Each structure stands twice: as C-alpha cells, then as structure tokens.
Amino acid sequence: MEDFLNAIDRHGWGSLPGCVGEGDSLRLKGECVDASERGEFKRAGVGRGLNLEVREDIRRDQVMWLQPGEGMAGTDSYLAMLEVLRLALNQRFFLGLFAFEGHFAIYPEGAFYKAHLDRHAGTSDRIVTAILYLNQDWQPGDGGELKLWTTPEGRDGAFVLIEPRMGTLVCFLAGDFWHEVLPATKVRMSITGWFRQR
Ligand code: OGA
Ligand code: MN
C-alpha cells in the first residue's frame, strides 16, 4: 500500500495487483453476477444529468451503482476497504475527499469504452478514480486492458496497458488521465468508482 501511495504521489496513478485477495474478489464477482442475473444492470450512459445518454459508439458496458447495506457482504467489505484508502489519501495528499460513488461494470464480449476523462465538463467533484478488476484467469490475448495515457500530452504521449486481473486495484487522478478500455474477447467485470470532493 505504501508503494502504491508513493506511485500516486510521484506519477498521479498507481496499480496494485493482489490488493483484494482471491476469496474476497470471488465473493464480489459472485455478487456482480447475481445482481446481473436479477436484471439490476443498466446500459451505461455518457454525460450527466439531462445530458446523460446511451452512446454505443463510445461505451458498451452495463453498470449497477453500489449501495451500502443492501445485504451484499462482499460489496460492504470492499466499501470499508475503500474508506481506509480514502482516509489514507486525505492524510497524505490533503485532498479533502469526502465520499466514494461507484458501480459494478460488466463489459460483454467485444465491449469497449473509448478514450475519455472521468471528470464531466464543468465539474470538479470526481478527484480520484479507483478501479478493481474481477476477472479470474485473465490471459494475455484476452484483451480488455485499461489503456492509460501517463503524460500531460495525453493521447499523443506514452501509455501503459493494465490487465484487468482479479484483485488488481488501479487509481489515478480523475481529471488528468485519458484512458480507454480495449475490447475483450470474453466478459469483463470490474468495480469502478470515484472519490469525490464537495
Ligand atoms: C470508467 C472506466 C475503466 C476500466 O468506467 O470510466 O474508464 O478499466 N473504466 O474499467
Ligand atoms: Mn473512465
């Protein structure tokens, strides 16, 4: 965790494989699959408020927003872990993060999310993005990598490809880093969310 915070400090982003153990990750994945089978996922939109629209040319995932205390023990314990991370980020970087909002995301085979920033136009409430991947036995060639451009040049500059392996946590500054989800050859699951300021 210390190395992870150091990376965020130095580079504005960090990746921590094995952040969530296999047992907890599988429980989260089970809750994701169960909710999906209950029909609780909706096609994800682009934009916010009155400008929110489904744009299949931009993103093709389905999402379900997390609610604490809904009887999903894995979700509640992940939210508790994020609370520890929120306090650590505040203590170290004085970010004044006060809450987390997030959703399960399912990318069906072939789905993608084109290059974007996580901060909506005219807003500044989303400060840090946190993504946990829930894909067991992910192999090179399965696709679905997170492509994260790591320099101020954005999409003209250097990038890293992060495999969406079960238990890997990725964080980056939501307003600064262009990123994209590459198409995967099988279903891809994750929990994506944002630490927010008021
Ligand atoms: C998002 C997003 C990346 C990922 O939901 O905004 O960029 O790797 N997700 O799932
Ligand atoms: Mn994003």
Side-chain angles (χ1 to χ4, degrees), residues 4 7-8 12-20 25 28-29 31-33 35-36 40-49 51-66 75 78-79 82 99-136 138-140 142-150 154-155 159-196:
F4 183 63
I8 295 171
W13 70 278
S15 144
L16 186 59
C19 176
V20 174
S25 297
L28 279 168
K29 183 186 171 179
E31 290 174 1
C32 180
V33 170
S36 167
E40 291 182 16
F41 278 68
K42 292 193 170 62
R43 286 199 293 172
V46 172
R48 74 201 284 260
N51 294 320
L52 184 70
E53 51 176 344
V54 171
R55 288 280 305 271
E56 289 220 319
D57 53 329
I58 299 178
R59 70 185 291 189
R60 297 202 179 170
D61 54 326
Q62 299 178 10
V63 302
M64 183 187 81
W65 289 89
L66 301 181
T75 299
Y78 180 56
L79 289 172
L82 288 175
F100 176 85
E101 60 174 12
H103 55 61
F104 280 112
I106 300 181
Y107 287 73
E109 191 184 321
F112 52 77
Y113 191 164
K114 298 278 192 208
H116 65 280
L117 293 169
D118 278 350
R119 196 171 283 170
H120 295 119
T123 70
S124 58
D125 53 337
R126 290 178 168 183
I127 305 300
V128 176
T129 302
I131 309 171
L132 176 70
Y133 296 109
L134 299 175
N135 308 294
Q136 220 175 1
W138 203 263
Q139 303 296 330
D142 288 344
E145 294 91 352
L146 172 66
K147 181 171 183 178
L148 182 72
W149 283 272
T150 54
R155 287 173 293 171
F159 60 82
V160 291
L161 292 176
I162 299 171
E163 290 181 347
R165 283 185 182 282
M166 179 166 272
T168 298
L169 179 73
V170 176
C171 283
F172 53 86
L173 296 174
D176 295 345
F177 288 86
W178 282 89
H179 58 284
E180 166 171 13
V181 178
L182 301 179
T185 62
K186 49 192 195 195
V187 177
R188 174 194 195 270
M189 289 180 231
S190 57
I191 297 179
T192 300
W194 299 272
F195 292 107
R196 306 177 44 171

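In each ligand, atom 1 is the first atom listed, and ligand 1 is the first ligand listed. On a predicted model such as this, the values are computed, not experimentally measured, just so you know.
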Residue portion contacting ligand 1 (non-hydrogen atoms closer than 4.0 Å) for [X]:
X    : answer
R188 : side chain
D118 : side chain
I131 : side chain

*Min side-chain heavy-atom separation H120-N51 under 4.5 Å*: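 In short, these two side chains do not touch, never coming nearer than 4.5 Å.
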
*Do the side chains of Y107 and R60 get nearer than 4.5 Å, heavy atoms only?*
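Side chain of R60 against side chain of Y107, heavy atoms only: no contact under 4.5 Å found.
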
Verify, without hydrogens or angle tests, whether [X] (side chain) and [Y] (backbone) share a donor-acceptor contact under 3.5 angstrom.
X    : Y    : result
R119 : R126 : yes
R59  : G45  : yes
W138 : G143 : yes
R188 : G144 : yes

*asked:* Run the side chain to side chain contact (heavy atoms under 4.5 Å, CB included) test on I131 and F172 for me, step by step, so that the C-alpha distance in whole Å, both residues' side-chain angles and the decisive distance to 0.1 Å come before the verdict.
replied: CA-CA 9 Å; I131 309 171; F172 53 86; 4.0 Å; yes

Of all the non-hydrogen atoms in the protein, which one sits nearest to [atom], and at what distance?
atom                   : value
atom 8 (O) of ligand 1 : Y133 OH, 2.6 Å
atom 1 (C) of ligand 1 : Y113 CE1, 3.6 Å
atom 5 (O) of ligand 1 : T192 CG2, 3.6 Å
atom 3 (C) of ligand 1 : V181 CG2, 3.4 Å

_Residue pairs, two or more places apart or on separate chains, that pass salt bridge (Lys or Arg N to Asp or Glu O under 4.0 Å) and touch residues 175-186_ =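 Applying salt bridge (Lys or Arg N to Asp or Glu O under 4.0 Å) to every pair that reaches into residues 175-186, excluding sequence neighbours, yields D142-K186.
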
*asked:* Under a 4.0 angstrom heavy-atom cut-off, which atoms of ligand 1 come close to L146?
replied: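 Ligand 1 atoms under the 4.0 Å threshold to L146: 3 (C), 8 (O).
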
*Looking only at distances, please establish whether an N/O atom of ligand 1 is found under 3.5 Å from an N/O atom of H116.*
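Min N/O separation from ligand 1 is below 3.5 Å for H116.
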
*asked:* Checking the N or O distance criterion of under 3.5 Å, is ligand 1 in contact with W194?
replied: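 So ligand 1 has no N or O lying under 3.5 Å from an N or O of W194.
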
*Roughly how far apart are M166 CE and C19 SG, rounded to 0.5 Å?*
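So the CE of M166 and the SG of C19 are separated by 13.5 Å.
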
*Could you label the plane-to-plane angle of the H103 and W65 rings as parallel, tilted or perpendicular, counting under 30° as parallel and over 60° as perpendicular?*
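Perpendicular: the ring planes of H103 and W65 meet at over 60°.
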
*Look at the aromatic rings of F104 and F41 and report parallel, tilted or perpendicular, splitting at 30° and 60°.*
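Rings of F104 and F41: tilted, as their planes differ by 30° to 60°.
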
_Taking 2.8 Å as the limit, list every protein N, O or S atom around the Mn ion (ligand 2), by chain and residue number._
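Atoms qualifying: H116 NE2, D118 OD1, H179 NE2.
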
